2 protein chains.
Amino acid sequence: MNVSRRTILKTGLVAGAAAATPGMAQGVVQTERWGVHELVFEGPRHGNPVVDVELAAVFKGAGRTIRVPGFYDGDGTYRIRFSPPEIGDWNWETESSASELARQRGSFACVAPSPGNHGPVRVSADGYHFTYADGTPFRQIGTTCYAWALQSDAKCAQTLATLKTAPFNKMRMLVTPNVAAVATDPFARTGRGPRDWDPARFDPAYFRRYEDRLIKLGQLGIEADVILFHPYDEKRGYNDMKRADDERYVRYCAARWGAYRHVWWSMANEYDIVKTKTVADWDHLFQVLVGADPHDRLRSIHNLNIYYDHRKPWITHASVQNGAAVLDDNRAAIHREFTLKPVIFDEVVYEGNSTQRWGNLTGEQMVERFWWGLIGGTYVGHSETYDPAQNADTSWLGQGGTLKGTSAPRLAFLKKIMEEGPVPGIDPIQHLWDYHLGGQPNAYYLKYFGAAAPTEWRVRLHSRKDAPKHRFRADIVDTWNMTVTPVPGEFAMQQIGDYDMGDPARPMIALPGKPWIAVRMVKI
Amino acid sequence: MNVSRRTILKTGLVAGAAAATPGMAQGVVQTERWGVHELVFEGPRHGNPVVDVELAAVFKGAGRTIRVPGFYDGDGTYRIRFSPPEIGDWNWETESSASELARQRGSFACVAPSPGNHGPVRVSADGYHFTYADGTPFRQIGTTCYAWALQSDAKCAQTLATLKTAPFNKMRMLVTPNVAAVATDPFARTGRGPRDWDPARFDPAYFRRYEDRLIKLGQLGIEADVILFHPYDEKRGYNDMKRADDERYVRYCAARWGAYRHVWWSMANEYDIVKTKTVADWDHLFQVLVGADPHDRLRSIHNLNIYYDHRKPWITHASVQNGAAVLDDNRAAIHREFTLKPVIFDEVVYEGNSTQRWGNLTGEQMVERFWWGLIGGTYVGHSETYDPAQNADTSWLGQGGTLKGTSAPRLAFLKKIMEEGPVPGIDPIQHLWDYHLGGQPNAYYLKYFGAAAPTEWRVRLHSRKDAPKHRFRADIVDTWNMTVTPVPGEFAMQQIGDYDMGDPARPMIALPGKPWIAVRMVKI
């Protein structure tokens, strides 16, 4: 990802004195579509600007008016970050409770995105998949490194180097630490104890550091699923603040990062074991987030035991923890029935050597779960808990670093299969009738056998009587050894009974009798 | 069920002239708890009393005040039906837009229920099962005969005779016909065409006839899941009325039948293919129903393709159609995660010889689905589509009559197993970890093997380290041949790892190598 930043430096004291910036072309300030147009102002330093000063800018362009809140970045600096959704001329004017920040005006030209900038990921028009704003399908292959961005510079660089050659295009990451970290203080400290900090004073250095990692992730083309709250820090209490403090924190994160097109919001990890918050609290914080994020980034919340009600309108997609749902495509598909939204199984047990049952999958088992999820029309998340000391905290899951497992190359292979598949994605086909097929009816079918090792398969694809019958080609896909072996010849489909089609002349496909095999059948 | 009816005949013209009724004992009118206390009045006949006359009674007793709407039953007769929820003295006073029906007063004594009257079925305190008001668990074994109550008297009698010896304790039944029926006109006819009827004028004879069948069902101890709307009568259009007509119809059914303690409300069958109503319409009709039913009977709605949002507060339990969910206990259990309510799979494909795929299960397959549902902590519904002409319309499903299938005795056996099990019911045990166990942790475990025919099973039951370990006995349950074979001796449970328990001296149980086997393990 190419994070396009165009900075206009203004001082609040000298209105209109726009400094020349790298974004100027023939005197016109330019920002690419879906890039970040950042306004920087100097303003009041006295008191607590986070609490005392309100600041926003109203952007007008392409027939739209978008009000974007700003944030205080310390040392008298205020910023407003806007990601223009449309090409064309945009004008802006600030609003502020501080007179020197109010009624500032400017304009810029939003130009075509540079190569590789596909815009933010949205829910696809059919409602169950993801698509970049430019129409490119987003095929989710997620991973989780909760506190990677809070580690040392060297460790962060190592994680980024790992990600550069890994298949993952989405990262789940906490804002505040859950495991040992270098960066531990998002708020200004007031003493030496773990709870000695002021929830009304953000430490800009902490957020700037996080943001640096966030942007580097985006430059690798990886979506950042930013997790705002979690239940793992009873020591410091960042997740146990008062409502007004939670609201301020959510607004700050939204103002600070919402303009980055690769940001997604995960309201919480394992929300249901954050002892200090009820479902009503979470609902309220979603309202705050929706109001604070004019960029309308994707929003979800992740559970331990109790599913949140994903049909609530502020939820864009389901983020689910379930250790067994993706052992069966049909279990996965049921989640779509209930949510009527895209489903990502963000936690399905991790690959690793943990003594805990939530971190002990083999690579084969990890990959199998991705495949069942795919056949069920859903998406799956990876992580790794391999550690010499069997300590998940210091593994990829906790801190990032390097991958030790065997699943990642197979997930890259899976992603390629997905990219060769239908747009916007693979749906379950007749799962209410247990076909165990994914795809798009009459065009593309994917059959997966998991750990079973059949030596043949009777080709019986769902098709209604009134659907035209086509010729299909077949591939045998070895999902572990990463091979695609075409089945010679074609299958001339004919209707079989009321619901199925097959080629009577070629009823069976021979299979290699190995586990982790899939068959792909595509209309010629 | 003993439907207790106590009739007080009053004429609106002679206030207070209560006639002697069978419910009088030493001059005190008595109605048993959860019975029906019915007030009958004479009132206006002119105009359209259904539309013109409002009538209700306010009942006060046991510290409660309950306002119960009445209904017009034709020929100048008005009725108010109230089911007293508590023992003690109740006073009542009417309210009406018609002066001769207003300010009538009376009282009665609510006495202890007669044997067999357990009160209405409610959701159990834990939220996932059903319990009668007196605390007796209700173990749902449902069936469906959509239009049985609309058939000839002889056919209705035959259905009731069948039900008398069948295991079913819940019947799903439509108010208006979906198949050939004797009773076809719930509304007053205005001409000879199928759509020539007046939605503002109920035909009392139709509803009295239905009510007669309804009461007889209750007398057999069978709950009546009364389905108010359905998508199968485009010819007559009873399900395509205007909103005001729908509201009047819902209020009429609620006033007429809500006092019967065995009535449940199913807002619609396959709601999502009723073309003339949207989800917002259904939501609205639920609001109407909640407001019209002071008895607060159970409420659900049944889908074809699109699950209704069962977390909505007016839904008491999920009523689900899914042809494959109960092929796997875990798929079933996922439904509990989403709904946080009791789940009944009311349609899971029927036992029968239909040429349609929704009506072609063997008896074995029908029974298997009940068992998987049970292990998943849910409930299942039966019906039969056996017919010589393979016509589901004229089978048990459509019209009632006699059972031809082989599942019913096995469902009776299953019910006995359920009755011997934990209260209020069987929960899935660690389904997120794919244990395939139902029961209550550390007390009762049920393992089911479905069509598999294992010859042994390694006893590995979920138990936390901190849970005391007990001795257990085991039974091998042949769910098809209906036998329970005790395994000799005991199992002295010890912790195994972090999550499990077993008896190291007896790790395995030998099994008969037949399909449809379960193992039951109960704490001694």
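Just so you know, these numbers use all the heavy atoms, side chains as well, and skip hydrogens, waters and symmetry mates. Keep in mind it's a predicted model, so treat the numbers as computed, not measured. Here is the naming used below: chain letters follow the sequence lines, and residue numbers restart at 1 for every chain.
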So how far is it from [X] [atom1] to [Y] [atom2], rounded to the nearest 0.5 Å?
X        : Y        : atom1 : atom2 : value
A/Tyr271 : A/Ser300 : OH    : OG    : 12.0 Å
A/His462 : A/Asn442 : NE2   : CG    : 7.5 Å
A/Trp371 : A/Asp329 : CH2   : CG    : 12.5 Å

> Only one of B/Leu340, B/Thr316, B/Thr339 clears side-chain contact (heavy atoms from CB on, under 4.5 Å) with B/His310; which?
Replying inline: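 The single option meeting the side-chain contact (heavy atoms from CB on, under 4.5 Å) with B/His310 is B/Thr339.
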> Side chain, backbone, both or neither: which part of A/Tyr499 has a heavy atom under 4.5 Å from chain B?
Replying inline: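 Only the side chain of A/Tyr499 comes within 4.5 Å of chain B.
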> Does any heavy atom of chain B fall under 4.5 Å from the side chain of A/Leu432, the backbone, both, or neither of them?
Replying inline: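 Interface part for A/Leu432: both.
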> Which residue out of B/Asp498, B/Val349, B/Asn303, B/Asp328 racks up the most heavy-atom pairs below 4.5 Å with chain A?
Replying inline: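 Of the options given, most contacts go to B/Asp328.
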> Relative to chain B, which of A/His431, A/Gln321, A/Arg331 shows the most heavy atom pairs under 4.5 Å?
Replying inline: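 Option with the top pair count is A/Arg331.
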